[in-house]
Number of protein chains: 2
Amino acid sequence: MRLIQNDDLKRQFIAEWGYDHQFSFDVVQAAQLYLFPAKSIIVRAPDRPRDLLYLVKGKTKLYDTLANGKVALIDFFTPPCFIGEMELLDPESPSFTVQAIEDCWCLALPMATYREQLLRDTTFLRRVCQYLGRKNTRNIKTFSQNQAFTLSQRLAGFILLTANNDVYEEKHTQVAQYLGVSYRHLLYVLADFVKQGVLEKVGHHYLVQRPDVLARLAREVDWAPTTAERE
Amino acid sequence: MRLIQNDDLKRQFIAEWGYDHQFSFDVVQAAQLYLFPAKSIIVRAPDRPRDLLYLVKGKTKLYDTLANGKVALIDFFTPPCFIGEMELLDPESPSFTVQAIEDCWCLALPMATYREQLLRDTTFLRRVCQYLGRKNTRNIKTFSQNQAFTLSQRLAGFILLTANNDVYEEKHTQVAQYLGVSYRHLLYVLADFVKQGVLEKVGHHYLVQRPDVLARLAREVDWAPTTAERE
DNA sequence: CTCCCAGTATGAGAAATCTCATACTTACCT
DNA sequence: AGGTAAGTATGAGATTTCTCATACTGGGAG
């Protein structure tokens, strides 16, 4: 994680996603811009996040650590989107691990300083409600529709979503669980992609050779990673 | 829909679910208690709901009306839970149809009177954020886990959830879509339940003969209809 | 260094589920 | 009365996906 002291870039991100409209006070000064390099951990459960983050560029994934120590993929986020809002608002809420898939830029408000103010800020609270409500609606629609698709279609979308620089290297066990299919079947379909020349296997990861073919397969699948939907 | 003027019953419901803790002002006087009979429509899209409701007893289902006029099942609610909170908080949000599965009791705050006050009430806003956040977390976990189960297991849970007085009479087309399976396959499994004596077919609906068998099948399936989780 | 575990890998047969074709019924419109 | 659309119903064959069995690998624990 690196603090980026570039006010122009910060202002540009703020304007791009309407960050300042999410609050009733002036956050332009208060917010810091951070860069989380690809694969770095943005929030590590069970620690509580130190800042309220707002993802303005990059893709992230969210993990849960199960009681048995296993790690389960839960969800994906793309800009614009809050990170750590539940931990701020709901002291009871479990916290999850968030990892950068590719380089991620985030605007950050330190909770230690702004917690009380945020909890009293009705503009902010209403925004979070809207954000959560829409996310929920979309997730439900997405999930119930996606059940209808075949694994090769859903996997195609998943690979496009999680690959970084055309390198796909998710753990098969986690992916099988996330996509709700057996490990065996996942490997069949992956092998099939390789046979068709869509992927190339290199050691323990895969290179995406034909993103176009994957995109065509995934065409109808509405992956809809979570975003805040700028106003 | 019937207004129930029974202050004792109202107080009892308020206490049972901690309704008064969801707001920073005194709602005990302000709230009305309504009874929505089984199968009646609680909110009809695209109308905006007139009241902010809080379900305290009964089960409801939520529908979306698609562009083509078809109706899609979206979600289910059990007490305690808000109804109409998104329409209150997010003017952009589409509104959905909510129908009572069985007799439903709701506490109601007329939006015309309380809208502004609610939008300024940080206690209420924080509660809704928590409610939406938890609902989201659970939905995601539930959906991704449930993909792994076979239709007979998921259908068993679905029947238990939607049956009223052991009568199951959902439209097969809607259910197939909701559960993400083909109409054909749904009918196969239903026919199988009948053959096993778990269901009995009577005209165009089914009687649940062996809820115990359904419950056993559904045992591991975490249906988790949405609730607010009392504090 | 060896043991053991998690993750990876592959085969074979079984099951769950899908697609397509075809009817019948009911409601509603004209 | 005829026409149409949606929902219901059932069969046959094709695909998708699962379960189980079996091995190989790399890395951490002792």
Side-chain angles (χ1 to χ4, degrees), chain A residues 63 65-73 144-159 162 167-196 199-207 217-218 220-221, chain B residues 63 65-73 144-159 162 167-196 199-207 217-218 220-221:
Chain A
Y63 291 102
T65 304
L66 279 357
N68 57 18
K70 289 198 189 268
V71 168
L73 260 178
S144 42
Q145 289 178 345
N146 286 178
Q147 287 182 305
F149 296 99
T150 196
L151 180 61
S152 51
Q153 295 174 290
R154 288 181 292 139
L155 181 59
F158 183 85
I159 291 172
T162 53
V167 175
Y168 171 77
E169 48 184 342
E170 297 297 315
K171 285 210 186 307
H172 299 329
T173 45
Q174 288 172 19
V175 175
Q177 195 261 3
Y178 179 70
L179 294 177
V181 298
S182 66
Y183 179 85
R184 187 68 192 84
H185 190 53
L186 175 62
L187 281 248
Y188 271 133
V189 176
L190 238 15
D192 198 53
F193 281 168
V194 171
K195 189 156 58 185
Q196 293 175 228
L199 296 180
E200 184 191 341
K201 188 165 178 177
V202 180
H204 270 195
H205 54 268
Y206 296 80
L207 294 182
L217 270 170
E220 306 151 283
V221 182
Chain B
Y63 291 102
T65 303
L66 279 358
N68 57 18
K70 288 198 190 269
V71 168
L73 260 177
S144 41
Q145 289 177 344
N146 286 180
Q147 287 183 305
F149 296 99
T150 195
L151 179 61
S152 51
Q153 294 174 289
R154 288 181 293 139
L155 181 58
F158 183 85
I159 291 172
T162 54
V167 176
Y168 172 77
E169 47 183 343
E170 297 297 314
K171 285 208 186 310
H172 296 155
T173 44
Q174 287 173 19
V175 175
Q177 194 260 5
Y178 179 70
L179 294 177
V181 298
S182 66
Y183 179 84
R184 188 66 193 86
H185 190 53
L186 174 62
L187 282 246
Y188 271 132
V189 176
L190 238 15
D192 198 53
F193 281 167
V194 172
K195 189 156 57 184
Q196 292 175 228
L199 297 181
E200 185 191 342
K201 187 164 180 177
V202 180
H204 269 194
H205 54 267
Y206 297 79
L207 294 183
L217 270 170
E220 306 152 284
V221 182

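Proteins get letters first, then strands, A, B, ... in listed order; numbering begins at 1 in each.
- A straight line from CZ of B:R154 to P of C:dA16 spans 13 Å, rounded to a whole angstrom.
- Considering only the side chain of A:T150, D:dT17 comes nearest among C:dT19, D:dT17, D:dC18.
- Note: OH (A:Y188) to P (C:dT8) measures 17 Å, nearest angstrom.
- Remark: C1' of D:dT25 and NE2 of A:H205 are 17 Å apart, rounded to the nearest angstrom.
- Between B:L155 atom CG and C:dA16 atom P there is a gap of 14 Å when expressed in whole angstrom units.
- Atom CD in A:Q153 sits about 12 Å away from atom P in C:dC18, given to the nearest Å.
- Side-chain contact between A:I159 and A:L190 is present, with at least one heavy-atom pair separated by less than 4.5 Å.
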Can you pull every protein N or O that's under 3.5 Å from an N or O on nucleotides 6-10 of chain D?
| from | atom 1 | to | atom 2 | distance (Å) |
| --- | --- | --- | --- | --- |
| D:dT8 | OP2 | B:H172 | N | 3.2 |
| D:dT8 | OP2 | B:T173 | N | 3.4 |
| D:dA9 | OP1 | B:K201 | NZ | 2.4 |

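- Atom NE2 in B:H185 sits roughly 13 Å away from atom P in D:dT17 (whole-Å rounding).
- A:Y168 and A:F158 have perpendicular rings, their planes meeting at more than 60° on a 0 to 90° scale where under 30° would count as parallel.
- A distance of 12.0 Å separates NE2 in A:H204 from CD in A:E169, rounded to the nearest 0.5 Å.
- Rounded to whole Å, the distance from CG on A:D192 to C1' on D:dT16 is 12 Å.
- A 4.5 Å side-chain heavy-atom check between B:F193 and B:L155 finds at least one atom pair inside the cut-off.
- The distance from atom CG of A:L179 to atom C1' of D:dT16 is 15 Å, rounded to the nearest whole Å.
- Ring planes of B:H172 and B:Y206: tilted class, angle from 30 to 60°.
- Distance alone, capped at 3.5 Å, is enough to place a donor-acceptor pair between the A:S182 side chain and the A:H185 backbone.
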